[in-house]
Number of protein chains: 2
Amino acid sequence: MTKREHLQVGLTVDLAVLTVREGILQALVIERGNDPYRGRDALPGGFLRAGEGLREAAARELGEETGLDGGALHLEQLATYGAPARDPRGRVVSVAYLAIAPDLPIPAAGSDARSARWAPVEKVHGALAFDHSDILGDAVERARSRLEYTTLATAFCGDVFTIGDLRKVYEIVWGTPIDPRNFSRKVTHTEGFILPTGARRLPETGRPAALYRRGPAQALIPPLLRTAT
Amino acid sequence: MTKREHLQVGLTVDLAVLTVREGILQALVIERGNDPYRGRDALPGGFLRAGEGLREAAARELGEETGLDGGALHLEQLATYGAPARDPRGRVVSVAYLAIAPDLPIPAAGSDARSARWAPVEKVHGALAFDHSDILGDAVERARSRLEYTTLATAFCGDVFTIGDLRKVYEIVWGTPIDPRNFSRKVTHTEGFILPTGARRLPETGRPAALYRRGPAQALIPPLLRTAT
DNA sequence: GCAAAAGTGTTCTTGGTACACCCATGG
DNA sequence: CCATGGGTGTACCAAGAACACTTTTGC
């Protein structure tokens with residue numbers, strides 16, 4: 001408000017990309033190639049560029065560092081982290097985004113990627129560079145909450161999926177077992193959550209399961225609440 | 001990640017301060033004294049200072065511009081706004097905070113305040129400087145949602161309040177009437193939402209109402225959902 | 001025909017909604 | 001005694017939770 005020059009800060013965009021893979025919740029991490037925290041795992045991210053919007057920057061970094069298409073998967077702003085000493089290079093504020101991806105074969109190593117890989121959230125949480133463990137913790141909590149009130153769970157699945165696949169997403173992200181019968185009724189009775197494709201999938205053993213596709217609904221009304229732990 | 005200088009941006013903290021006053025939802029606005037947008041209403045806010053955390057900056061600005069005690073009222077990070085052209089002065093990213101205040105006498109004009117005042121949300125929404133109308137819209141939606149799942153409604157009330165006061169908060173923020181009987185049972189049966197003080201308040205006319213104080217509960221379980229309009 | 005997973009139906013209980021009456025005070 | 005808002009009780013209904021059996025496939 002006064003006419004003196006105001007503090008200028010570096011602004012990064014960091015991504016917490018979550019997926020369900022091999023039966024556990026995993027996050028995309030990269031191994032840092034430069035100081036600070038060289039050799040440590042961190043969330044993918046990078047500096048904002050001139051003329052670029054925040055979401056735009058998040059999608060770009062995702063593509064550059066991991067080869068994932070930022071436009072194709074769910075991407076939402078999570079929170080902004082700006083503790084004065086969070087980055088030893090100087091004053092850097094980070095806008096964190098939460099991304100949800102299906103179980104993709106392997107993140108393709110992009111031009112800027114040193115060693116992007118999926119890692120179990122349980123394993124890396126607490127071991128990340130900067131304040132990225134805080135960000136990851138907040139991201140997981142946001143994802144858990146989103147499953148209650150939105151149809152976001154389908155973003156963890158591929159184009160087509162069974163009700164059992166969807167239920168496993170809930171069980172793995174929430175870490176609690178869910179009654180298959182009640183779950184099935186719930187998702188099939190919620191208008192626009194999932195749409196039957198008519199096709200079926202043959203498991204290794206057992207009865208074939210009907211395949212579904214994401215429906216148009218965004219909100220889950222009424223919500224699917226996790227019971228108090 | 002490369003060694004070239006990265007883009008530096010100005011970083012502001014803006015506040016959407018909401019209260020219920022004279023039976024309607026109001027927001028704290030200031031009239032801008034400088035260009036750009038001189039003379040237009042805007043949300044209170046200002047630039048981050050060196051060595052200062054984001055929340056700390058929000059509390060400071062709140063005190064400076066309005067005389068409200070940022071430490072005393074509910075303050076939560078809302079979202080971050082960084083569209084490239086949102087500020088004509090240059091690249092400025094804003095971290096927005098949502099604050100909830102009880103119906104205070106009048107915001108005291110602080111040292112930096114030009115003309116802080118309460119204004120009906122309906123009136124100023126769409127007429128604010130920068131992208132502050134977007135921020136205010138998001139803030140109102142966040143507050144509405146918070147009333148469903150948390151005990152935040154008590155932050156709109158003073159130290160002591162009646163169940164009728166609390167119900168009016170819900171009715172005004174949501175814009176829908178609520179059944180007084182069911183509401184009363186709901187809030188008194190939710191453990192830790194409100195605590196009886198034993199005192200009573202005499203209205204202008206009618207039976208005295210019991211007074212309550214905020215309880216320790218943060219979450220509202222089960223939630224108090226607004227029925228689909 | 002056996003193992004494995006999918007799919008369906010019923011009961012019970014909880015919580016939400018709708019609704020009508022009595023109570024305590026000031027004027 | 002009347003107007004005004006505070007406080008309570010009850011019937012009904014929707015939704016979640018708990019629970020057992022049948023179906024379809026591969027082997």
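Labels below follow one simple rule: chain letters A, B, ... track the order of the sequence lines, proteins then strands, and each chain is numbered from 1.
Atom C1' of nucleotide D:dA17 and atom NZ of A:K186 are separated by 13 Å, given to the nearest angstrom. Remark: P of C:dA5 and CZ of A:R200 are 17 Å apart, rounded to the nearest angstrom. One atom, CG of A:L225, and another, P of D:dA15, lie 14 Å apart when rounded to the nearest Å. Atom CD1 of B:I221 and atom C1' of C:dG16 are 17 Å apart (whole Å). Spacing between atom CG of B:L211 and atom P of D:dG7 amounts to 9 Å, rounded to whole angstrom units. To the nearest angstrom, P of C:dG9 lies 15 Å from CG of A:D179. Look at CD on B:E171: it is 13 Å from C1' on D:dG5, rounded to the nearest Å. The nearest whole Å value for the distance from the CZ atom in A:R207 to the P atom in D:dT25 is 8 Å.
Backbone-only engagement by A:P222 is indicated by non-hydrogen atom pairs under 4.0 Å involving sugar-phosphate atoms exclusively. Backbone-only engagement by A:P208 is indicated by non-hydrogen atom pairs under 4.0 Å involving sugar-phosphate atoms exclusively.
Comparing A:P180 and B:T205 along DNA chain C, the residue whose closest nucleotide (by nearest heavy atom) sits nearer the 5' end is A:P180.
Salt-bridge check for A:R32 with A:E65: failed, with every basic side-chain N at 4.0 Å or more from each acidic carboxylate O.
Between the side chain of B:R185 and the base of D:dT10, at least one donor-acceptor pair of N or O atoms lies under 3.5 Å.
For the residue pair A:D14 / A:Y81, no side-chain donor-acceptor distance below 3.5 Å is found, with atom types taken as modelled.
Other residues, nucleotides and ligands contribute over 12 non-hydrogen atoms within 6.0 Å of the CD atom of A:E141.
Across C:dC19, C:dT25, D:dT24, the shortest atom-to-atom separation from the side chain of B:N182 is found for C:dC19. Residue B:A209 places its side chain closer to D:dG7 than to any other of C:dA6, D:dG7, D:dC19.
Contact detail for A:V121 and A:V140: the closest heavy-atom pair is CG1-CG2, 3.9 Å.
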